[in-house]
Amino acid sequence: MSRIGSKMIGWLGAFLLAIVLLLAFVGPYLVPYDASEQSGAPFQPPGKEHWLGTNDMGQDILAELVVGARTSLTVGIVAALLATLIGTVVGLVSGYSGGFLDAFFMRIVDICLTLPFLPLMIVIGVYIGPSLLTQVLVITLVMWAGKARKIRAQTLSFRTRGAVLAARSMGAGHFYILRKHIFPSILPLVIPQFVQAVNVSILMESSLSFLGMGDPLSKSWGSILFYANSRSAFLTEAWMWWVIPPGLCIVMTVLAFSLIGYYLEERVNPRLRAYQAPAAKRDRRLAQEKLAAVKPAAADALLDVQNLTVQYPKDGGTVRAVDAVSFALRKGEVLGLVGESGSGKSTIASAVMQLLKPPALVSQGAIYFAGSDLTQLSSEEVRRLRGNRIAWIPQAAMNALNPVMNVREQLAEALRSHQSMSKDEIAERIDEVLAQVGLASRWAAAFPHELSGGMRQRVVIAMALVNKPDLIIADEPTTGLDVMVQVEIIKLLKNLQRTLGLSMVFISHDLPVVLSLADRTLIMNQGKIVDQGNTLALAKTSTHPYTRRLIDSIPRLTPALEQRSLQGQGQR
Amino acid sequence: MYTRKSFGLFLSYLLVLSVFVLGCQSNQNAAPGQADAPKNGEAAGAANQTVPELKIGLPSDAGPLNIYTGNIDYLTELVFDKLFSPSPYVEKPQPWLAESAQQLDDVTWVVKIRSGIKWHDGKPFTAEDVKFTYEYYRDGPANRHTHHVSEVPHISKIELDDPSTVRFTCAYACPTLERITFADLPILPKHIWENVQNPRKYTDLPIGTGPYKLVEYKADQYYKFEANKDYFMGSPIVDNLVMPVIKDPTAIFNALRAGEIDISARPVPAELEASFQNQANMKVVQTAPLSLIELKLNYEKAPFNQEAFRNAMSLAVDRQAITDTVLLGKGRPGLKGYPHPDSPWTNPNLSTPYDVEKAKAVMDELKLTDQNNDGVRETADGKALAFSLKVPSTEPAWIRAAEMLKEQYAKVGIKINVEVLDSGTMATVSQTRDFDLVIGTIGAHGVADPDQFVMSHRSSYLWNKKIPYPAMDELTKQWMAETSVDKRKEIAFKMQELFNKQPTSIVLYYPEEKFAYNAQKFDQWVESPGFGVINKFSLLPDGVKKAVAKE
Amino acid sequence: MGGSWFSSAFGKKCIQYVLVLAVALTINFALPRLAPGDPLEFFFGESTINELTPQQRQQVEHELGLDRSLWQQYADFMTGVFRFDLGSSIKYGKPVTEVLADRLPWTFLLVAPSLIVSAVIGIAIGAYAAWNRGKRRDLLFLTGMLTIESIPGFWIGMLLIAVFSVSLGWFPSFGAVPIAFTGGGMEYVLALLKHMTLPVITITLATIGGNFLLTRSSMLDTLGQDYVLMAEAKGAVKRSLIFNHALRNALLPVYTHITMSLGILVSGAVVVETVFSYPGVGRLLYESVIARDYPMMQGVFLIITLGVIAANLLADLTYPLFDPRARQRKQVEESP
């Protein structure tokens, strides 16, 4: 949907640009008059001879418009090209070299950005004298600094990337690295910058010309407006054919570049594509109808996933991320879900949480939780379950906390979303749950960035526990943490599970960890469950080639398993 | 949600509105002139009773009416009076602050001062003030009036014969002192100006004897005047004048149409005339301003220093075509040359015709021919006749005229390169004379005052007294020695003829000026030559008005 | 308070600003003098100036302080700046500071409401569109806002005048108050509002697109963040998701942008003030450039530069109020 949307925007932009280009290139050959020729009486209204009337000198306005398209486009593109070029070079050199050169360039950029640009334009315009060249120079001067700053920021982020570091360590020359590694990565960012610059320069050109600071002798859309305004076009009906058309031309051109720029920007900037609005209700209904004929959940299962299929559209067809997966989880049980990245295990977690990112959707199957099918519940009903009865410990917990809220606020919100509690009760519960995850209560006042990675993960776990949920979905909870911390966190989870008797789906690509935690384990590959069973049995006796391959690739497997089975036996 | 809705609403609203407005607009213009009939009656009724307030839109700001820093003559004269009125541009100025003037011999005049007149601050006006002012002009810093005392003519002695009589003694014959000098120099209050350290930095509100006191001034925003009820020529018929400064032409006429101002001091351009004539309460009055639009040649530079070449330059200009296009025919082409033909001091037989063939012939004779067949003539040493023509960006009509001149000169083999400069640069250019050709304008003081014509040949405006110009110098010498007004005029006519044969200023056109005003509010505007209709006489009672104003 | 003030982040920022200010001041001093043209012209008008003898010209130049060496003028200017003495305007014959004080309130009167309206609407619609990303209403808003952003400000102004002022006569087309207004109290306020309406709409429309786009993309960014997903997973209500989690974070860059634009808008109002003949700083600048009124130009430049720097400083200083991370960084850097 969004792809189509932004493509539409891109196409619309291209279409408008095509019109403008046509106007500029072909227009002058089609309009029967020369723009600088006095082809009629002054101030003629539109008629057969002159479709848009004539100006104060008897020149054909339509002819002026098409010639103006050339001027405006030329100024816009040349100035944008220069500004982007200078900005890119300065940004690249500054960002790449760092040190004194960087500081020097950036101070210049700072100063340039502090200078009032319009006054600058006026003064420079006056100093050099009016001509198209002046306009180009002035606009370039005003725009390059902003571009330089943006390109520098990008360069900085590429400078420390692997390929660049590798090339450096192999002794590649600076110029070579810039040309071969950094510039190609920067290029996709430079293009939208350029397109936006074209926009700004066309607008600036018209403003300057309108103020009489352009070159009134050259035909541009701005100068047409300058004459229209100074010959009082507004006070007669002449504004309809003398003011509106050039204005519309400017809007159309700028819009064309804006749309294209937006489209390109969205393509190169993944952050703009990360989020997608949930599909409209009726789309969900459609999907739900297919789910109708599924048998009810097994009576003793807390979670019963039946024939779950998750799919999303790709390249005209659909791809199944999860393909007819069924499993069940009893109360107090830990279910391990193992597979390589892309095997669909995290998608199952999202499906259970009802947090699938569109356009992915559950196309078949059912997810029964405590007897009701989650896929059939209203979004409010799902909300009441989430964080309350089903809790989630996400992967990449480093970023799972809101940076502008402190720990207490975030925990309190989880509580308040599901229960009405007094302030004191909330405080008490927060202290309690923090203690459970091994954090002193003073950390409640801290902001996420003040915590280490491990502490953050503890907070996230606390958040999952705070409402005493029936089920916890732990989706690779140790990703991104260093090894020591991983061990600690796993230990913590293990303890919590034991002491609180948690039911948990534990998802990981790290087989040993799963083996040490889970009662039962599912092995997934390419969206399907390829093997499953009691964890110990699975590890020891599975004959499935995929499982075996996974297990055999773990060198420490045997001692770890032994240890665990001993522990397990000792406890039961 | 609501933001989206209201936004959509706003858009559709705008759309509907603009459609509606477009409809209205064309209707308005389709039904021309709902007739002028009813307003005459009302206006007549309004006569002779005072109007509480008039709002006059000004197109530019002139500072706090200090004649040393800015001049808009019609504003200056609301506050200040001269010995004679209304101006040097009429046949016979009337005594004003003076009771009478008498020429005793070729170089001596005595002026009797009116008694009982008071300055705005209540101090009495005396002959001392006149003596002080003339001496201050002669000896002090220069302003636009001072050469009338210090050079052409030169008043060497100013004495008081008695407390109400001033005696002026000139350095050489000064037959036109009464008609020109006395009618041009505003009289300043001695008790204020003798204490002024630096007149150019003086920013207090002016004290004069005139019909209006300036009570408030906000730079670039507005002037507020109050009637001087004790004015010696009769109490003004408008109590208060408010003059907002509205520089943008569209804004000023828009304000006039909307009733925010009652008259615009910016003349109505030809393209708007009809729209104001069609408006029920509006009238448009035509005046013949003593101003002209000129193409100035830099006489210091070759080849403009050749008289015959200047003649060719003049012959090549099709002034009629320019007038038709730029003024939509509403104005007169500059076929009668310089100075302004409507001035009583201008030779009525002047002529500056358009004749391409003759222009070519003159240049051929000067050996300025196209040797390399590129369409542009060259001088004997192979330099192409290519000149730059500079115009200010603030005057779109002049830019258009320049574009036409370029084509016209191309026809006779002269290449013109038009350069549009902002008015700041433009002013410097013409002052440092760093130009080939410029387009400019000059008002009544320059083109209707015979002394100024002579002065302009000395000051560098039309010629520089350091450069010999034997024919003109000879005539100037005769002119200065001449003691009779009429004979002087004859000599001046000869000078003008000579000038237009080899002009350093080619007149493009004499603009007509039309002023649109709200006739329901005030309908007693009269024209004073060179001042338009916004002048102090329009605001004075009927009797006085008739005596000085143009029919 | 470990470490000296100079090594603190705030101290460094201040030094940087002083440096920028010094360079900007120098450029401000130099720029007007590079332009051709001469303030003398505007005293007398062209015809008078030509009648002045060279001696008289020199005398006038001396009176105006234009005959001194550039270095002297520069020294005067720089020392003057710190005494808030910017000299006297040649054109207005008044102290530059006085003229500025006269004009500044008018510009603020236009800019402040426009900024607020444009920020509020831009943010609201931007957040709404982001929340509905990919849906038809998002596309509509997006293209709509891109279109509005493509319209030159002066053209909006001209059309508004043509429609609402010339044709309908609902709003006045120029000035800030009716000329010589005598009514008091409420009437005066009403008149002010009437005069403000069209220019404020113009500036609002000219700036709203930027606010919208920035909010939208910033909001899209935060909506894709893990903490928003986490908040959803913990069962937070939609209102909290949007406001507490997504928007609160998304507004951080928007806040910086808007605060910084405070400074730029002082000069950015030139075109709008010209179209509406509004007596603000922008038009003052335009007029003084045309008149080559050096002291006045410098004054306006100074005000604009100060405005930009002050806005930057304001953004720097107030940002930590909204982002605890910035607070922390400062503390960390302050302690050695």
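Every chain is numbered from 1, with letters handed out A, B, ... down the list of sequences.
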Subject >> Which of Pro469(A), Ser206(A), Ala233(A), Ala256(A) touches chain C most, by non-hydrogen pairs under 4.5 Å >> reply: Ser206(A)
Original post:
Considering only heavy atoms, which portion of Asn244(C) lies under 4.5 Å from any heavy atom of chain A: side chain, backbone, both, or neither?
Top reply: both
**OP:** Work out which heavy atom in Leu401(A) is nearest to a heavy atom in Pro448(A); give both atom names and the distance.
**Re:** CB-CG, 3.7 Å
Original post:
Taking all non-hydrogen atoms of both residues, which atom of Pro246(A) and which atom of Leu225(A) are closest, and how far apart?
Top reply: CG-CD2, 3.9 Å
Subject >> Interchain contact, Ala391(A) with chain C, by part (heavy-atom threshold 4.5 Å) >> reply: neither
Original post:
Any side-chain heavy-atom pair from Gln410(A) and Lys234(C) closer than 4.5 angstrom?
Top reply: yes
Original post:
What part of Leu252(C) gets closer than 4.5 Å to chain A, counting heavy atoms only: side chain, backbone, both or neither?
Top reply: side chain
**OP:** Would you name the heavy atoms of Met158(C) and Phe210(A) that are closest together and state the gap between them?
**Re:** SD-CE1, 3.5 Å
**OP:** Considering only heavy atoms and a distance below 4.5 Å, find which of Gly261(A), Gly222(A), Pro403(A) pairs most often with chain C.
**Re:** Pro403(A)
Subject >> Asn402(A) versus chain C, the contacting section by heavy-atom distance below 4.5 Å >> reply: both
Original post:
Does a side-chain heavy-atom distance below 4.5 Å link Ser150(C) with Val251(A)?
Top reply: yes
**OP:** Would you kindly say whether Glu205(A) and Ser209(A) are connected by a side-chain donor-acceptor distance under 3.5 Å?
**Re:** yes
Subject >> Heavy-atom proximity to chain A below 4.5 Å, by part of Thr274(C) >> reply: side chain
Original post:
Relative to chain C, which segment of Glu380(A) carries a heavy atom at a distance below 4.5 Å: side chain, backbone, both, or neither?
Top reply: neither
Subject >> Option that, when pairs with chain A are counted at under 4.5 Å, heavy atom only, ranks first among Ile161(C), Leu159(C), Leu213(C) >> reply: Leu159(C)
Original post:
Glu149(C) and Ser258(A): side-chain donor and acceptor closer than 3.5 Å?
Top reply: no
Original post:
Which atoms form the tightest heavy-atom contact between Met353(A) and Ala233(C), and what is the distance?
Top reply: CE-O, 3.8 Å
Original post:
Do Val272(C) and Ile156(C) have side-chain heavy atoms sitting under 4.5 Å apart?
Top reply: no
Original post:
Of the backbone (N, CA, C, O) and the side chain (C-beta and beyond), which part of Val275(C) lies under 4.5 Å from a heavy atom of chain A, both, or neither?
Top reply: side chain
Subject >> Choice from Asn199(A), Val243(A), Asn388(A) maximising heavy atom contacts with chain C below 4.5 Å >> reply: Val243(A)
Original post:
Contact part of Ile244(A) toward chain C, heavy-atom cut-off under 4.5 Å: side chain, backbone, both or neither?
Top reply: both
Original post:
Tell me, side chain or backbone of Leu142(C) under 4.5 Å from chain A's heavy atoms, or both, or neither?
Top reply: side chain
Original post:
At a heavy-atom separation under 4.5 Å, does Ile473(A) approach chain C through its side chain, its backbone, both, or neither?
Top reply: neither
